[in-house]
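Data block below; observations after.
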Amino acid sequence: MCQYLLMSQVRTRIAPSPTGDPHVGTAYIALFNRCFAHQHGGKFVLRIEDTDQQRSSEKSEQDILQSLKWLGLSWDEGPDCEGDFGPYRQSERSEIYSSHIEQLLDKGTVFRCFCSSERLDLLRQQQMQDKQQIGYDGCCVNLSAENIAAKLEQGEPHVIRMKIPEQGNCEFEDLLRGTISISWAQVDMQVLIKSDGLPTYHFANVVDDHLMKISHVIRGEEWINSTPKHLLLYQYFGWDIPVFCHMPLLRNPDKSKLSKRKNPTSIGYYAAMGYLPEALLNYLGMMGWTMPSGEEKFSQEEMTANFDISRVSLGGPIFDTEKLDWLNGKYIREDLNDEEFIQRFAAWAFKSDKVKMIAPLLKQRVERLSDVASLGSFFFSGELDISAESFAHKNIEADEILKIVQFTLWKLELIEQWDRDSIEKQLQELAAQLELKIRDFLFPLFVAISGKAVSTSVIESINILGIDITRARLRKALDVLGGISKKQAKSLEREFRDFG
RNA sequence: GUCCCCUUCGUCUAGAGGCCUAGGACACCUGGUUUUCAUCCAGGCAACAGGGGUUCGAAACCCCUAGGGGACGCCA
């Protein structure tokens, strides 16, 4: 490996998909990629994987870029700072993928597949029922040239899949795990080009990694099983392969893969809660890695200077905020003088005109300036001090309260453009669906969001607080109300879905 | 179901065959400092998943079992 490093520049990448909130897992993988590249004097690249037209959004892309920057995870090349290998947004690279798939079509290592998604669904169902391995059955592999030409003539929608060897194993080296061997029989004939003409991750990622001269692919463990497909594509093209390194996945406290259903995963949440970016980043660096000295508090520069990827431990670390809290406090105490502390607090509290939005709400309701702090404190708090008793109400049963809070959470998750009107619309709709007076309906939300039954407009408050804090508070409310059992959740989900 | 990966205190981890009676940190408990609390300091509790090998010697190497996780999309 040393020789390899000397011979060519190390280039690593983070390739987020702009399909949701900026995820701490993305930052985690980005951190290790960045440290590795910079430790070797190489480059760290950011590439936007927006080939899913339905789910990708510009808003999400902006949020992700902004969040990574906030954490100090800047990139040497990316969509906003073009290097020699652009464009860095996959949606702008369509011609590249088309010309490359042509090459494979010519070589006959891929084939057009005209199977309908209905047939494939059925096939999958059947395979599940028969407890067979799930995968494409090869129906279109050997279509005749005439047949294909005819179908194309008629404009039949189709995808392009890759051929897979029928026998043998795919063996590859993982930088941390050694040799991994997966039987080709386990590998599906992956779709490379979707019927909309855009590539899937598997295809775009290989083409781009090659063209962008990525030397080390450091990514999550979830990709191990699809690595054979990627390797095979390199082989079909006749390209050199990069070094693969699969990091352990961040986990929920129940050990499952970190997910927003069970945990706050949005970087925005941690920012809104008042964690310092350097502390959060330090904490991420602590997941699966330690400084050789054992020192637990370290900056990204120190991490880079001492980085050694072989010190990554493979057990999936639980993203448990207790230690993050301690670390964050340590940063505040040790690294900020009083003046800096004031500045940091002000920058956080008054971020993006937050006070300007809060002021008119408070002004309506205070009689003395000294009322401001107690009335408005929930805008600057994290978790609220509430209990089941806080939700006691004369007209609504406990079950109903739980339902209101849960449904509100789900409704708010549906909002694409976060603003006052969308929130109001969702809540009005929900109150009507539940056949509740808006006044009664809103009560538990007041408690969950502001901690009190009486406060500034709950809709305005939700708008100002943002989805991350709102989500956390509604979830806390669910929690103190005794939580929802799996059974309850199922029936609630059904009821919610019936609302349409 | 099939395949792949993983397994040291509750949590993050140190550990590269003898330095291990397994170390550090968070959390928790006790005590000290502090007008309270927090900080800070001192101490305590607490783990090698189980079973077989290999070896003079295993937390470490090999095998099996168990447990956990992941993948199996025209998502990434």
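Worth saying up front: this structure is predicted, and the values here are computed from it rather than measured.
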May I ask you to check whether A/His40 and A/Phe36 place their ring centers less than 6.0 Å from one another? yes
A/Glu171: which residues meet the side-chain contact (heavy atoms from CB on, under 4.5 Å) condition with it, sequence neighbours left out? A/Thr179, A/Ser181
Taking pairing as Watson-Crick or G-U wobble with both contacts under 3.5 Å, can you name the mate of B/C45, or confirm there isn't one? none
Between A/Ile134 and A/Thr179, which is nearer to the 5' end of RNA chain B once each is assigned its nearest nucleotide? A/Thr179
So, using side-chain contact (heavy atoms from CB on, under 4.5 Å) as the criterion, who are the partners of A/Gln103 when residues are at least two apart? A/His100, A/Phe237
Looking across every strand, which nucleic acid part, if any, lies under 4.0 Å from A/Val159 by heavy atom: base, sugar-phosphate, or nothing? base
Does A/Asp479 form a salt bridge (Lys or Arg N to Asp or Glu O under 4.0 Å) with A/Lys476? I'd like the steps, not just the answer. CA-CA 5 Å; A/Asp479 230 42; A/Lys476 158 112 187 199; over 6 Å; no
With sequence neighbours left out, what residues match A/His23 under side-chain contact (heavy atoms from CB on, under 4.5 Å)? A/Thr26, A/Leu258, A/Thr265
With sequence neighbours excluded, tell me which residues meet salt bridge (Lys or Arg N to Asp or Glu O under 4.0 Å) with A/Asp254. A/Lys262
Decide, yes or no, whether a salt bridge links A/Asp21 with A/Arg471 under the criterion of side-chain N to carboxylate O below 4.0 Å. yes
Within residues 51-64 of chain A: residues closer than 4.0 Å to RNA chain B (heavy atoms): A/Thr51, A/Asp52, A/Arg55
Rounded to whole angstrom, note down the P distance from B/U21 over to B/C26. 26 Å
Please give me every residue in residues 114-127 of chain A whose heavy atoms get under 4.0 Å of an atom in RNA chain B, ordered by residue number. A/Cys115, A/Arg124
If we take the C1' atom in both B/G32 and B/G68, what is their distance in whole Å? 43 Å
What does A/Leu198 touch in the nucleic acid at a heavy-atom separation under 4.0 angstrom: a base, only the sugar-phosphate, or nothing? nothing
P atom, B/C48 versus B/A60: distance in rounded Å? 12 Å
Can you list, by residue number, the residues of residues 14-29 of chain A that have a non-hydrogen atom closer than 4.0 angstrom to RNA chain B? A/Ser17
When rounded to the nearest Å, what value does the distance between P atoms of B/C45 and B/G31 take? 16 Å
Considering every strand and a 4.0 Å limit on heavy-atom distances, what is the contact class for A/Ser181: base, sugar-phosphate, or nothing? sugar-phosphate
Pair assignment for B/A22, Watson-Crick or G-U wobble, requiring both distances under 3.5 Å: none
Do A/Arg89 and A/Glu92 sit within salt-bridge range, that is, some charged N less than 4.0 Å from a carboxylate O? yes
Across every strand shown, the nucleotide meeting Watson-Crick or G-U wobble geometry with B/U2 (both distances under 3.5 Å) is B/A71
Heavy-atom contact window of chain A on RNA chain B, given 5' to 3' at under 4.0 Å: B/G1 to B/A76
Look through every strand shown and name the nucleotide pairing with B/U7 as Watson-Crick or G-U wobble, where both distances are under 3.5 Å. B/A66
Hey, which sits more toward the 5' end of RNA chain B by its nearest nucleotide, A/Arg311 or A/Trp326? A/Arg311
Using 0.5 Å steps for rounding, measure from the CD1 atom of A/Ile214 to the CD1 atom of A/Ile241. 15.0 Å
Only pairs at least two apart or in different chains count here, so list each salt bridge (charged side-chain N to carboxylate O under 4.0 Å, His left out) that has a residue in residues 188-198 of chain A. none
Look through every strand shown and name the nucleotide pairing with B/C40 as Watson-Crick or G-U wobble, where both distances are under 3.5 Å. B/G32
If the P atom of B/G10 is compared with that of B/A49, how far apart are they to the nearest Å? 12 Å
Base, sugar-phosphate alone, or nothing: which one does A/Ser195 contact when heavy atoms must sit under 4.0 Å apart? base
Write down the distance separating the P atoms in B/C9 and B/G50, rounded off to the nearest Å. 10 Å
List the residues meeting salt bridge (Lys or Arg N to Asp or Glu O under 4.0 Å) with A/Lys452, not counting sequence neighbours, and say none if there are none. none
Looking at A/Glu334 and A/Lys297, is any side-chain nitrogen of the basic one under 4.0 Å from a carboxylate oxygen of the acidic one? yes
Taking atom P in both B/G1 and B/G23, compute the distance separating them and give it to the nearest angstrom. 41 Å
Of residues 270-296 of chain A, the positions that come close to RNA chain B - non-hydrogen atoms, cut-off under 4.0 Å: A/Met286, A/Met287, A/Gly288, A/Thr290, A/Glu296
Pairwise C1' distance, B/C28 and B/A46 [rounded to whole Å]: 10 Å
For the pair A/Arg473 and A/Glu383, find out whether any cationic side-chain nitrogen is under 4.0 Å from an anionic carboxylate oxygen. no
Would A/Arg112 and A/Glu156 pass as an ion pair if we require N to O under 4.0 Å? no
With a 6.0 Å cut-off on the ring centroids, do A/Trp326 and A/Tyr331 count as close? no
Sort out the partner of B/C61 for me: Watson-Crick or G-U wobble, both distances under 3.5 Å, none otherwise. B/G53
Is the closest basic N to carboxylate O distance between A/Asp80 and A/Lys69 below 4.0 Å? yes
Note: A/Arg344-A/Asp335 ion pair, threshold 4.0 Å (strictly below): no
Pair A/Phe298 and A/Trp289, ring centroids less than 6.0 Å apart: yes
Quick one: pull up CG in A/Leu211 and CH2 in A/Trp239 and give me the separation to the nearest 0.5 Å. 5.5 Å
Test: A/Glu77 and A/Lys43 ion pair at under 4.0 Å: no
Please list, in numerical order, the residues of residues 254-268 of chain A that have a heavy atom closer than 4.0 Å to any atom of RNA chain B. A/Lys255, A/Ser256, A/Lys257
